[in-house]
Amino acid sequence: MLSMVAAVVLAVALPFVVFDVARRPTIRRLALRNVVRRPGEAAIVVGGSLLATALITASFIIGDSFGSSIRGVAADWLGSTDELVVVPDPAMLDETTERLAALSPDLVDGVLAVSMFEVAVRVTPLEVAGTTGSASGGDAAPAPIDTGLVSADVRLVELDPAQAVAFANDPEAVSTLDTTNAGSRQADRGPASVVMSQDLADEIGAAPGGSIDILIANTPTTLVVAAVDATTSFAAFGDLIVSNGTVSDHLDDAAAVGSSAVLVSNTGDVFSGADLTEQTTTAIRSTLGPQALIEPLKLDLLDNAEDEAAEMRELFGTVGGFSVAAGILLMVNLFMMLAGERRSEMGMLRATGLRRGHLVRAYALEGAVYGVLAAAAGVLVGIGVAAAVMKLAGGLIETSVPISIDVQTSSLLSGALIGLMVSQVTVLLTSWRVTRLNIVRAIRELPEPPSTRRSQRQMVLGAIGIVAGALAYLALGTNPIVAMTAPVLFLVSLIPFIERLLPRRAAIVVTCGPALIWVAAVFGLLPEVMDDPDIFLFLLQGVLLVGLATTILSVLDRFWLSGVARIGGGGIARRLGLAEPLARPVRSALLVAMYALVIFTVTFIAVLDSVFQAQAPDFAIQAGGAYDLYVDVNATSGINADDLGQRDDVVSATALSRGVVLGRLGDDDDRTNLPHWAIAGVDKTFLAAAPPALTGRLNRFNSDTEAWQALTSSGEALAIVDGDTGLNPGETYQFRASTGEFTTFTVAGTTAQMWLVNTSALVNEGSAESLFGDGRPPTRFFLDLADGADPDTVATELNTTEAEAGLEARTFLDAAKSATDEQQGFLILLQAYLGAGLLIGIAGLGVVLVRAVHERRRQFGVMRALGIAAPVIRRAFLVEALFVTLQGVALGVSLGLLSSWQVLTRSSAFEDNLGFRVPVTVLVLLAAGCALASLALATIPAVRASRTSPAAALRIT
Amino acid sequence: MARGQDRVQTDDMLRSRSRTRQKAAPRPEADPQPSAPVPASTSLVSVQGVVKTYRSGDVAVEALRGVDLEIEAGEFVVIMGPSGNGKTTLLNCCSGIDDIDAGTVIVDGLELHRLTDRARTAHRATRMGFVFQSFNLIPVLNAAENCELPLLAAGVDLRTARERAGELLERVGLADRARHRPAELSGGEQQRVAVARSLVANPAVVWADEPTGNLDSATAENVLDLFREVNASGQTLVVVTHDPTIGAIADRIVTVADGRITADRRQHHNHNQSQSEGRSERPC
């Protein structure tokens, strides 16, 4: 959308530029002469402009990269598979496969039957031939070497390799599997082969040619690793791929411990086949019946990739927007400085007959040259920034998706167009401003006198703003953006009118002050309107807060600074250093705002990071109640709650049966792709320890305990759901049983953070049995440990001793920390991305100071002539730099804290009122870092200013 | 009041007020290497054999070609001559703003170009005042702050500097404009502030380069009145100018042409008559 806007704007503006180049030699000469003869200036403007293009381009590339990384998973892990059809009865697998194979070749070009099992796996202990020190030379018992690494709960897939190769249309896929062992129990044939995923191989230390033991239903099976493959066409379904019968033939009741499915490949390639998902799903339901459980894996993944790409693009684009805004302020500042130096020249040009419009067009042409150069360079820098972010993301964000960079031409073009538009619009608006001058005063380099009366135009604009702001709020006040900005427009538009009654400073304070308070407090004042805010809203809030606060600060600087000067005495360096920013409020305000914008965002994110880090213990209690850890086992492990409860360090153990069912809102919910729900069944033993607290419950329950008791013991079809599901107490929801019938449940209560343990809803054990089907043993246990027992130690011990039973124990705290660590990694990534914007602020100050040496050369010469020593001038420069920096940092930090406090504690933007924490260490380091960087950058211009030769400087006329 | 007495009184005022928090003006550092003895001279400013050459690439321009000049304390000396013949260069070299290639410049007993840059700067702060054609007030400081600057540079405390600046501004008739920045002052007012600034540190000599060059005749006359007044109180003035009206009131006219002094003519005036004329035309 923004690219389209940029293209339109440039399509309107650039023809004028081209016309001037071709047909207006005066304008062309004026513009291009400045570019050629002032290469230093040109480099500075291009440098300042390219950063905006770089960040915009980088945000597009980052979005594309996340999206294509997920799309890559579609190709690598799913391969040809577009849909997965669950076959509840394994005995029906062959028949189902035949029926699906008969579907129209216009829709389906392949089907493949698979069986899946949850197993534990380890590298087969090695037997070392030879003695262990028998002096007599007799035979010694071999000493087995056990790697000790067992991976529990691994998915194993059985399939027909020949059919799989045909299905995947990939001769490499699983072709290394030995089909002759399929279905064989004969030991003399030797171990069967297996294709293993790279991740699992790394985890247990397996390698091609080595052997592994598969443990399922207490039955070990040894397999030879035929290949370790980072990506296979079936990687999404399991880490181990074997021929049919390799495992199932060794099981007494394979149907009880495994599951069956048919993979369906739509006609078309890996990506285009997903377009046929809807038709194929309809055809499958026509063939198998409306109750067929179909998962559109490919379409879901590709949709997820698109959503993720768009989300990342928006997130990084919005966060980067602060830096882009800072870059725009830098461009305005630079341009105004350069225009100030050329003021005399502009006056002479006007005196010789050029109109104001001619000057603007000359600047536009000059700006276009800078813009094109900046866009080209910015795109290249943007690629570098994106590459750095993606590399950092790979290290910070724990994900099974391999993250890699994807640079698309469309993104580069979009970034260049938007960057060019930003610079061109900035140049045009700034040049319109700077070319408004009095010819004589400009020629004589006399300053423009301050305007003493409000122009009629300002009054008209103010009136329009007042009316527009009021009407917008009344008509569209429920829109969050309008609700935030309309009152600001109204108040700021009052300035020209209030200036008739009060001095300008007072008029600005009495209008911008309330506007600032409104923007800062709007999340708390209008919680319903600001519910579920878009990330763009935070960007808008930040820009408005910084703009309003900087405006107020710039008109009040004189008052509080004079106080500072009095407190410290009249040090000449400090007086000179502070005098310059005071005397140039617009330029100082732009510099301060530049810093403050980026610091605001960094502070906001640092607060979020600090808050989220502290949430882990709370999350753990919200997910597990008084229980300390949860244990997941294979269905065939035979482990039960009594076994676990007998441990000395366990006070109570309760069993939960688990399964995945489809859910719908009601009988009239006719969606073809119903959502999947991870359900757990509990009985009254679940209340042996305090269960998780409820965030809401049915009115008829007077306490959480009543609600839990009703769930576990009443026999009613009740469910306690995770708050993220969007259901509220009292609402009804339907879950589909294994028979295909839907059962209506009433929401008895809601909890928080149940998602941490991959559970969406809890029902009673009886309801779970009817949903999952009889005979499903519990596969999860919650353990309440004795006082003094360390949950981590117990979990580690269980994982070590019971791994072969496919047991995985984990503390609720560990699960919570993993979740917050992932969030934290992402926040760190955003902060690093913002670092680029901070560079803009610091570099911008350096550039302005470098230009200031040239701009104020005569002034420095006079100071030296009057007897002001060189060190004094150096210190004055450093004071000036430090003043701007610290003002910007203080403003950004205070506004960032205020905004984040408001959002976290006074609004519904973040659920469950996460609390507020100030990351003191981070903010102190930030302030110190900025101050030191500014001082470092200001040192060279300070030295150059102090070395100004008075005679040479005074010769300048 | 006799010439010189006013200056002595001002000196006493300055010393007494800075006694409580005195930051001594840095003593100009002498050349660490032993130098030839400074020739004895009673002149306030003694210039001997000064040569100044400007080089730009292969081009060398001799701006001064062996200039000798002696200026006594309390003199009002005007340096005149065609444009581009070395007048401003001479002034810059005499005041220590610019370096010389040969010769000696002694001001108030110190050979300027043997001093370090730091010492020379400090010497300017304490013993010299400057008035420029383009006023050259610091635009970000108001009139009072511009006047205080030389005293602060000399290490005088803020309170004393502020009081002294106030006195000078009142003396030039701008006490009510003390808080205005240069952009808010007329050309004449700016130049009067510059004159006040040049006098605030009670300098040994005030150097003025085309002080009326950017002023209309009426305003120029006001500035001339100031010059007459300060000179009458004993202030040494050296003015580079094209303006003949300044030459008419000076004690001495030195003509510079082609980098040399081609004429040095003394004039005699009735200072009392001049003073009364000046008061009647005091600027409003």
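Order of the sequence lines sets the chain letters (A, B, ...), proteins ahead of strands, with each chain counted from 1.
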Can you tell me if L502(A) has over 12 outside heavy atoms packed within less than 6.0 Å of its CG? yes
Give a yes or no on whether R65(B) atom CZ has more than 12 heavy-atom contacts from other residues, nucleotides or ligands under 6.0 Å away. yes
Would a distance-only check, ignoring hydrogens and angles, find a side-chain to backbone donor-acceptor pair under 3.5 Å from R124(B) to R864(A)? yes
Residue among L158(B), L149(B), L151(B) satisfying side chain to side chain contact (heavy atoms under 4.5 Å, CB included) with I572(A): L149(B)
Other residues, nucleotides and ligands only: do more than 12 of their heavy atoms fall within 6.0 Å of CZ on R356(A)? yes
Should we say atom CZ of R947(A) is surrounded by more than 12 heavy atoms from elsewhere, each under 6.0 Å from it? no
Distance in Å, L954(A) CG paired with T88(B) OG1, rounded so as to fall on 0.5 Å steps: 10.0 Å
Looking at every heavy atom in both A865(A) and F130(B), which two are closest together, and how far apart are they? O-CE1, 3.1 Å
Need one label for V862(A): side chain, backbone, both or neither, based on atoms under 4.5 Å from any heavy atom in chain B. side chain
Applying a strict 4.5 Å limit to non-hydrogen atoms, the region of E148(B) in contact with chain A is side chain
To the nearest 0.5 Å, tell me how far T121(B) OG1 sits from M863(A) CE. 13.5 Å
Looking at N214(B), D117(B), D209(B), which one has more heavy-atom pairs under 4.5 Å with chain A than the rest? D117(B)
Provide the closest heavy-atom pair for G867(A) versus A153(B) in the form atom of the first, atom of the second, distance. O-CB, 3.6 Å
Go through the atoms of I97(B) and report whether side chain, backbone, both or neither lie under 4.5 Å from a heavy atom of chain A. both
Quick one: does L582(A)'s side chain get under 4.5 Å of V140(B)'s, heavy atoms only? no
Of M128(B), R197(B), Q133(B), the largest count of non-hydrogen pairs under 4.5 angstrom with chain A goes to R197(B)
Are I868(A) and L152(B) side-chain neighbours, meaning at least one heavy-atom pair lies under 4.5 Å? no
